[in-house]
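Below: the structure, in structure tokens.
Just so we're on the same page: letters track the sequence lines, and every chain starts at 1.
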Amino acid sequence: MIVLTVRAEGRICACGCVAEMAGARLGRILAALSAGGDAWSSARLCAVCPGIVGVNGAGVMLMSGDIPRGSLSSTDDVSQLIEELQYTLDEGPCVDAYSKDIVVAEPDLADPVARRWPAFTPAVLQAGVRAVFGFPLRVGTVRLGALNLYRDRPGLLTDEQHADALVVADVAARWVLDAQAGAPSGAVAKELEAGADFHFAVHNAAGMVSVQEGISVAEALIRLRTFALGHGRLLADVADDVVARRLRLG
Amino acid sequence: MFQAADAMRSVAEMADTLVDDYDVVELLTGVADRCVNVLGVSAAGVMLTSPGGSLGLVASSSETMRLLELFELQAQEGPCLDAFRTGERVEHEDLQAESGRWPLFSAAALSEGFQSVSALPLRFRDVTLGALNLFSVTQAPMAEADVMVARAFADLATLSIVQHRASAEGQRVNEQLSAALTSRLIIEQAKGVLAERAAIDLAEAFSRLRAYARDGNLRLTDVAQATVAGTLDLDPLTWARVVRW
């Protein structure tokens, strides 16, 4: 995305028309973001999506390497579930948007265009989700995660909504980098941690399971995930039970 | 001689390059070469500021050009430096030995057969990042259409540099975020290990890990890492009274 950059360099005739459109779109989205009057936050970034893009809910997932790190924010329980499921199952629109670096759209999960996400699809359908979209969070070649959007009715985003979502994802990605750039060395920026769920309980549980089972923490993480998959439960819920000592995997 | 189709193709090719990951030096060398091929100038070169603020030579269309630009930097006078310092275009100027704006530079350029020069700043908003030098073996000024294409080349070069620098900075910040998150997660894992080993809750485990790090003048991250790796003797943390305030 060079939306912001192109806009600043209005002199480039070849891109002038595109820049004009992107500029107006960007202005509208920035205005919506600032409308709350408060400082920007990941919650605010997600909260503007239903109004701008015409979806029921939105969430932002951070990724690193090949793994979801967790959720920066989500607007509602369903969006949270969509993220929790992807964290547990390692499949879904955000996982694909990030790992393939493409926009992912599934306009009707009940009659999907592609057979994918065998565990994710039935679970979100049950929660009333019909369409899901994943937009990569990236700045230049730097990939950070994905913006997740859902609807309770089938159908693609319109071209306008799609273009708006691209800009929201672009703004979100820049916001993440800007926030982290101001963080003390070795720390996650406070703005990013506020409202985020990096699944600390899962890592607490992995530490506990490693002692219980006499295995490495890495193996314990796999054991936890396998247990969750085998029992049709969210990894976060399994972890909570382990931490509360209600559950032993052995 | 300016040809619209060639110019458009060049601009399109350069814009294409920006979509993918690219090497800035290679791209700017392409800009210099295109100036020669498309604009009918005899030689072209690009200078850029380093992070320290000093101007350096990045790309030249020929070895003669490279040496002249190095001379310009050494003599601290010439069209490229003026464009950079003022942030304004240096309009076509016929070179005259030992007079005019750049006596030292002019003498050197004339001895290499160049008769006229112009230069464009590589400017992004209020910041001048460098300059594009255009040299000609004739005294004929560039056609106005050619100047516009040169301007487009300079703008694209500027965007490529700005985007690349932003990307490199973004990469660094993203890696920092990833590392910070990883050490955070390792601390959570270590809390789980100690909580289970000592049959205590997570908050107490964290207090003990932190106190242990403080007493031993160790970094919490290192203590956590060793706990998770199993290389730390956890007995003192499990059984002994831990001094805390």
Side-chain angles (χ1 to χ4, degrees), chain A residues 1-2 4-6 8-15 62-65 69-70 138-144 173-174 176-189 192-193 196 198-212 216-218 220-221 239 242-245, chain B residues 8 11-12 15 18-22 123-125 148 151-152 154-156 158-160 162-199 201-202 205 219 221 224 227-230 234:
Chain A
M1 294 277 102
I2 53 170
L4 295 173
T5 322
V6 172
E9 274 293 326
R11 280 178 302 182
I12 300 217
C13 320
C15 310
L62 275 195
M63 318 261 192
S64 179
R69 288 294 204 166
R138 69 199 310 261
V139 176
T141 54
V142 183
R143 296 191 284 149
L144 303 160
R174 283 167 196 278
V176 169
L177 282 185
D178 279 358
Q180 180 62 28
S185 168
V188 178
L192 298 183
E193 259 199 271
F198 295 123
H199 299 286
F200 292 149
V202 171
H203 293 271
N204 296 150
M208 293 172 71
V209 168
S210 77
V211 174
Q212 289 165 5
S216 73
V217 173
L221 277 168
V242 169
V243 168
R245 298 193 160 101
Chain B
M8 281 306 289
V11 170
L18 293 181
V19 177
D20 292 319
D21 203 4
Y22 54 90
R123 205 174 57 201
F124 185 71
R125 300 181 197 175
M148 281 175 62
R151 181 72 259 171
D155 282 346
L156 273 170
T158 305
L159 281 182
S160 73
V162 169
Q163 195 184 356
H164 189 269
R165 286 184 179 172
S167 204
E169 173 64 8
Q171 193 69 48
R172 190 188 65 74
V173 173
N174 193 30
E175 279 162 15
Q176 192 205 19
L177 171 61
S178 191
L181 210 42
T182 298
S183 48
R184 201 45 215 282
L185 296 182
I186 289 170
I187 290 171
E188 297 304 324
Q189 292 168 358
K191 282 162 65 178
V193 168
L194 184 59
E196 186 64 18
R197 181 69 65 84
D201 65 24
L202 290 167
R219 295 196 323 158
T221 321
T227 302
V228 168
L234 290 182

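For A:Ala189, no part lies near chain B; criterion is any non-hydrogen pair under 4.5 Å. In this structure, chain B has no heavy atom under 4.5 Å from any part of A:Val242. Heavy atoms of B:Ala224 lying under 4.5 Å from chain A are absent altogether. Residue contact with chain B, scored on non-hydrogen atoms closer than 4.5 Å, involves the side chain of A:Ser210 exclusively. Both the backbone and the side chain of B:Ala195 come within contact range of chain A, judged by heavy atoms closer than 4.5 Å. Heavy-atom distances place no part of A:Ala205 under 4.5 Å from chain B, backbone and side chain included.
Taking CG of A:Asn204 as the start and CD1 of B:Ile187 as the end, the distance is 11.5 Å to the nearest 0.5 Å. Note that CE of A:Met63 is 12.5 Å distant from CG of B:Asn174, once rounded to the nearest 0.5 Å. Considering OG1 of A:Thr141 and NE2 of B:His164, their distance stands at 7.5 Å, rounded to 0.5 Å. Residue A:Gln180 holds its CD atom at 9.0 Å from CG of B:Leu181, rounded to the nearest 0.5 Å.
Side-chain contact annotation: B:Thr182 with A:Arg69, donor-acceptor N/O pair under 3.5 Å present.
Environment of CZ in A:Arg143: crowded, with over 12 heavy atoms of neighbouring residues, nucleotides or ligands closer than 6.0 Å.
Under the salt bridge (Lys or Arg N to Asp or Glu O under 4.0 Å) criterion, B:Arg184 pairs with A:Glu193, B:Glu188, not counting sequence neighbours. Looking at residues two or more places apart in sequence or on another chain, you find a side chain to side chain contact (heavy atoms under 4.5 Å, CB included) between B:Ala180 and A:Val188.
In this structure, the side chains of A:Leu221 and B:Gln189 come closer than 4.5 Å at one or more pairs of heavy atoms.
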- Item | Stepwise side chain to side chain contact (heavy atoms under 4.5 Å, CB included) check, B:Val173 with A:Val142 | CA-CA 10 Å; B:Val173 173; A:Val142 183; over 6 Å; no

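Most heavy-atom pairs under 4.5 Å with chain B, from the set A:Val202, A:Leu144, A:Val217, A:Val209: that is A:Val217.
Between A:Phe198 and B:Leu185, the shortest heavy-atom distance links the atoms O-CD2, 3.7 Å. Closest of all the heavy-atom pairs between A:Gly186 and B:Ser183 is O-OG, 4.3 Å.
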